[in-house]
Amino acid sequence: MTDRNDDLFDAARAVIPGGVNSPVRAYGSVGGTPRFLARALGATVTDAAGTTYVDLVASWGPALLGHAHPEVVAAVQEAATRGLSFGAPTEGEVELAAVIADRVRAGEVRPVERVRLVSTGTEATMTAIRLARGATGRDLLVKFAGHYHGHSDGLLAAAGSGVATLALPGSAGVPAPIAAQTLVIDYNSPEALAAVFAEHGDRIAAVIVEASAANMGVVAPQPGFNRLIAETAHAHGALMILDEVLTGFRVHPAGFWGLQQAAGEEYLPDIITFGKVVGGGMPLAALGGRAEIMDLLAPTGPVYQAGTLSGNPLSVAAGLATLRLATDDVYARIDAAAARLSASLERALTAAGVVHAVPRAGNLFGVAFAAEAPRDYAQAQAQEAFRYAPFFHALRARGVALPPSVFEAWFLTAAHGDAELAAIEAALPAAAEAAARATA
């Protein structure tokens, strides 16, 4: 007997490639039928069959305040009464850009002086790279194995065999000469960073790095590594692009950069990209940086970027409402919930005898089926990932929705209260036992 989700997946595969509009939604790494969501409210989501789950996906991060926060919804509804899209400047764009620039600060240090609004994180990182190349007059880009910066051609590059090997395409349809402009090196490796600049330093336009890796599981930068990236890039005339599409305004009022500044790790990125939380769940992203770099964007400079829906008024309204409601108290509550749930996850897996780590970066966390938290992509890939599918399904059967991949972060929201956390904690022992019984 099938339920509504099965029927919808069959119908979707008839008209949508793979039945989904973003690959991870297909449950390829965990198996089974994706849940087609019908509504979301607070800390829960409800699928097409009417089953409600405590949610740990949070729309992959944007739902910082919880789903369908009434003040965010009201802001979008009010904006919609004035028009859905103008293709012209609006007052809201100015307000949101100013809020972003003002939040990203540590004392008097403000790395964001200008902001350009776009529609997606992929567009933000793509534009940042073009801007870095325009600013430096160089072509090569350094990225780290396992870091995800969207699906533009130059970023879908697979790691090469050497420290500074020119990359090969990581996706069909990406021409080899485009992929070859990207140098892929090991994350958290000062040696790899030094080596790539020793060999190619005068041709490198920028290093792009997730502020904290969260697309190969949660893999935080080692102490001082982000600072080392900035120092190394600047010593060779290159720029540092800090990708905060996922972490920006999610782990701290000033993003992961702000979290690190508060911890005493001082460094200055040249361009920062934002997404997810900055749009409050609506399609919106941004990039920001120093005025002399950002002003190279058209129409003031020679680096072209444009978008009919850039700064969409509904998205801007959602972003403004979300950021204004994202107070210190909100972050404190999410941090406390993350600490509690991480500890509960540790206890359940330990009791079941499962080899594991619970890596964290601020209030982001997840599970790794390895004795130690991975430091790089190779270690993330080497874990016993086969344990995740039964763990995932055991939690789902008990009313908890996890990301459908071991290589994703778990997200809490300000709406996760004691009742929701207790429901997750009650489900964890059975899920840990399922993981313990798993075989490769």
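A salt bridge links D3 with R35: the closest approach of a Lys/Arg side-chain nitrogen to an acidic carboxylate oxygen falls below 4.0 angstrom. In this structure, D270 pairs ionically with R290, as a charged nitrogen and a carboxylate oxygen lie closer than 4.0 Å.
The distance between the ring centers of Y187 and F225 falls below 6.0 angstrom.
Panel note: side chain N312, backbone L84; a donor-acceptor pair is recorded below 3.5 Å. S315 contributes no side-chain N or O that, together with a main-chain N or O of L284, makes up a donor-acceptor pair within less than 3.5 Å. With hydrogens and angles disregarded, a donor-acceptor distance shorter than 3.5 Å links the side chain of N188 to the backbone of A220. With hydrogens and angles disregarded, no donor-acceptor distance shorter than 3.5 Å links the side chain of H69 to the backbone of G280. A side-chain donor-acceptor contact under 3.5 Å links N5 to the backbone of F36.
Judged by distance alone, the side chains of H147 and D243 never bring a donor and an acceptor atom under 3.5 Å apart. Between the side chains of Y267 and Q260, a donor-acceptor pair is found at a separation under 3.5 Å. For R116 and Q305, the side-chain atoms include at least one donor-acceptor pair closer than 3.5 Å. No donor-acceptor contact under 3.5 angstrom links the side chains of Y331 and N363, judged on distance only. A donor atom on one side chain and an acceptor atom on the other are found under 3.5 Å apart for H356 and E346.
Side-chain contact between W60 and P403 is present, with at least one heavy-atom pair separated by less than 4.5 Å. For the pair F369 and L349, the minimum side-chain heavy-atom distance is below 4.5 Å. Residues Q383 and F407 meet the side-chain proximity criterion, which asks for heavy atoms closer than 4.5 Å. Side-chain contact check for F392 versus V367: every heavy-atom pair is 4.5 Å or farther apart.
Residues meeting the side chain to side chain contact (heavy atoms under 4.5 Å, CB included) test with L323, sequence neighbours left out: L96, V99, I100, R103, F249, V277, V278.
Taking the six-membered ring for Trp and thresholds of 30 and 60 degrees, F197 and H236 have ring planes inclined between 30 and 60 degrees apart.
In this structure, R13 CZ and I16 CD1 are separated by 11.5 Å, a value rounded to the nearest 0.5 Å.
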